[in-house]
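The structure appears below as structure tokens.
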Amino acid sequence: MSTVIKNEYNDYDIDVAIVFEKDKIPEGTTSVKNIVVEALRRKCTRFKVPPCAKTNCVRIEYEDGYHIDFAIYRRFKDTYDNYHYEHCGSQWRSRDPKGITSWFNQENKSKDYYLRELVRLMKMFSKSREGWTMPGGLVQSVLANENYQEYTRIDERFYHTLKAIKNRLSWNKEVYNPIDPTQTLKLVQGDDIKINNL
């Protein structure tokens, strides 16, 4: 979605997707994450922290001031030969990363390419204080799109969009997948805390 930011402390957050064929990997999400962790330990060097499995990814942190989150997916074909994707989190959940990217690019275009700019500012704001724990980029992107405020100047757009997000979250803290509104993006209890922090 091209919303990567570089914060003050050179902490680059790079997201990469790894897609496996469903019938080629174990069923359990922990087992699959451990396979990726072990493969990274064998092949990669210069870690600040060894590869570790998180709830929604496998993360490696390098000495050079960046980390890479490997989001793991499995795919399978239906009876019509269409691929379906599931994300490896605390359990397998249906998710379409290409569909989400297409959604974001379409929404960004419909807003004269200002949405990407707003999401980058939100992500920078969310990382501006050490110790702040905020929602991830997808949740921020959905909220920024949903509450987008049209103003000429970027500072006004940013301020009024954040204000609209704050007002919206004061009465409704649920955030849904933009291409499948039946799926919540709040997957663990910690997500409620992050939403409240925002």
Side-chain angles (χ1 to χ4, degrees), residues 1-22 24-75 85-101 103-104 116 119-144 175 177-179 183-198:
M1 294 179 353
S2 299
T3 59
V4 172
I5 59 166
K6 176 186 181 291
N7 80 10
E8 190 176 350
Y9 307 103
N10 291 326
D11 181 20
Y12 293 95
D13 175 6
I14 301 167
D15 298 319
V16 176
I18 300 174
V19 181
F20 292 103
E21 298 297 332
K22 183 176 180 176
K24 305 284 187 200
I25 57 173
E27 180 61 30
T29 58
T30 302
S31 299
V32 174
K33 286 185 261 191
N34 287 338
I35 289 169
V36 174
V37 165
E38 287 308 311
L40 290 169
R41 282 189 181 148
R42 284 194 311 268
K43 295 290 183 180
C44 302
T45 59
R46 295 180 47 217
F47 295 128
K48 180 178 179 182
V49 176
C52 66
K54 302 280 195 180
T55 303
N56 290 315
C57 67
V58 171
R59 176 172 291 169
I60 55 176
E61 294 184 37
Y62 286 92
E63 291 291 344
D64 294 341
Y66 64 93
H67 69 267
I68 301 175
D69 289 336
F70 292 92
I72 302 166
Y73 295 86
R74 66 182 183 184
R75 71 179 186 175
Y85 293 83
E86 295 176 320
H87 179 253
C88 181
S90 55
Q91 64 187 44
W92 293 104
R93 289 184 176 90
S94 179
R95 179 86 49 96
D96 180 3
K98 287 181 182 177
I100 288 173
T101 300
W103 161 82
F104 184 82
R116 181 173 287 126
V119 171
R120 287 177 178 163
L121 286 171
M122 275 187 72
K123 288 170 78 173
M124 284 299 289
F125 170 73
S126 295
K127 293 180 181 221
S128 66
R129 303 294 187 278
E130 199 170 326
W132 274 9
T133 307
M134 298 288 193
L138 180 56
V139 170
Q140 290 187 35
S141 298
V142 169
L143 290 170
V175 183
N177 184 322
I179 60 170
Q183 291 184 346
T184 181
L185 293 177
K186 292 173 24 180
L187 304 175
V188 294
Q189 187 175 359
D191 291 338
D192 287 319
I193 295 166
K194 293 174 183 179
I195 292 284
N196 283 333
N197 291 345
L198 180 62

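The residues of the chain are indexed from 1 along the displayed sequence.
Ile18 places none of its side-chain heavy atoms less than 4.5 Å from the side chain of Val58. Residues Phe20 and Val36 are in side-chain contact: their nearest non-hydrogen atoms beyond the backbone lie under 4.5 Å apart. Between Trp132 and Asn197, the closest side-chain pair of non-hydrogen atoms is not below 4.5 Å. Looking only at side-chain heavy atoms (C-beta outward), Asn177 and Ser94 stay at 4.5 Å or farther from each other.
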| task | Please test Leu185 against Arg95 for side-chain contact (heavy atoms from CB on, under 4.5 Å), starting from the C-alpha separation and ending with a verdict. | result | CA-CA 10 Å; Leu185 293 177; Arg95 179 86 49 96; 4.1 Å; yes
- Task: May I have the step-by-step check of side-chain contact (heavy atoms from CB on, under 4.5 Å) for Arg59 and Val49, ending in yes or no?
- Result: CA-CA 9 Å; Arg59 176 172 291 169; Val49 176; over 6 Å; no
Mind running side-chain contact (heavy atoms from CB on, under 4.5 Å) on Glu86 and Lys22 for me, showing each step along the way?
CA-CA 9 Å; Glu86 295 176 320; Lys22 183 176 180 176; 4.2 Å; yes
I'd like to know whether Leu138 forms a side-chain contact (heavy atoms from CB on, under 4.5 Å) with Phe104, so could you lay out the CA-CA distance, the side-chain angles of the two residues, the decisive distance to 0.1 Å, and finally the verdict. CA-CA 10 Å; Leu138 180 56; Phe104 184 82; over 6 Å; no
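Taking a cutoff of 4.0 Å between a charged side-chain nitrogen and a carboxylate oxygen, Arg75 and Glu21 qualify as a salt bridge.
Pairing each heavy atom of Pro51 with each of Val37, the nearest pair is O-CG1, 3.7 Å. Across all non-hydrogen atoms, the minimal contact from His67 to Glu61 is CB-CG, 3.7 Å. Here the closest non-hydrogen pair linking Arg41 and Pro50 is NE-CB, 4.2 Å. Minimum heavy-atom separation, Pro178 to Val142: CD-CG2, 3.8 Å. Residues Ala144 and Val119 share a closest heavy-atom pair of CB-CG2, 4.0 Å. The minimum heavy-atom distance between Ala17 and Tyr73, with the atom names listed, is CB-CE1, 3.9 Å.
Taking CG from Leu143 and CE from Met122, the interatomic distance works out to 6.0 Å, rounded to the nearest 0.5 Å. Distance check: Thr29 OG1 to Asn34 CG gives 9.5 Å after rounding to the nearest 0.5 Å. Taken to the nearest 0.5 Å, the NZ atom of Lys48 stands 13.5 Å off from the CD1 atom of Ile60. Between the CG atom of Asp191 and the OG1 atom of Thr184 there is a distance of 8.0 Å, given to the nearest 0.5 Å. With rounding to the nearest 0.5 Å, the separation of OG in Ser128 from CG in Leu121 is 11.5 Å.
Between the side chain of Lys33 and the backbone N or O of Gly28 there is no donor-acceptor pair closer than 3.5 Å. A side-chain donor-acceptor contact under 3.5 Å links His87 to the backbone of Asn56. Judged by distance alone, the side chain of Thr55 and the main-chain N or O of Ser90 form no donor-acceptor pair under 3.5 Å. Under the 3.5 Å distance criterion, the side-chain polar atoms of Arg74 are left unmatched by any main-chain donor or acceptor of Cys88.
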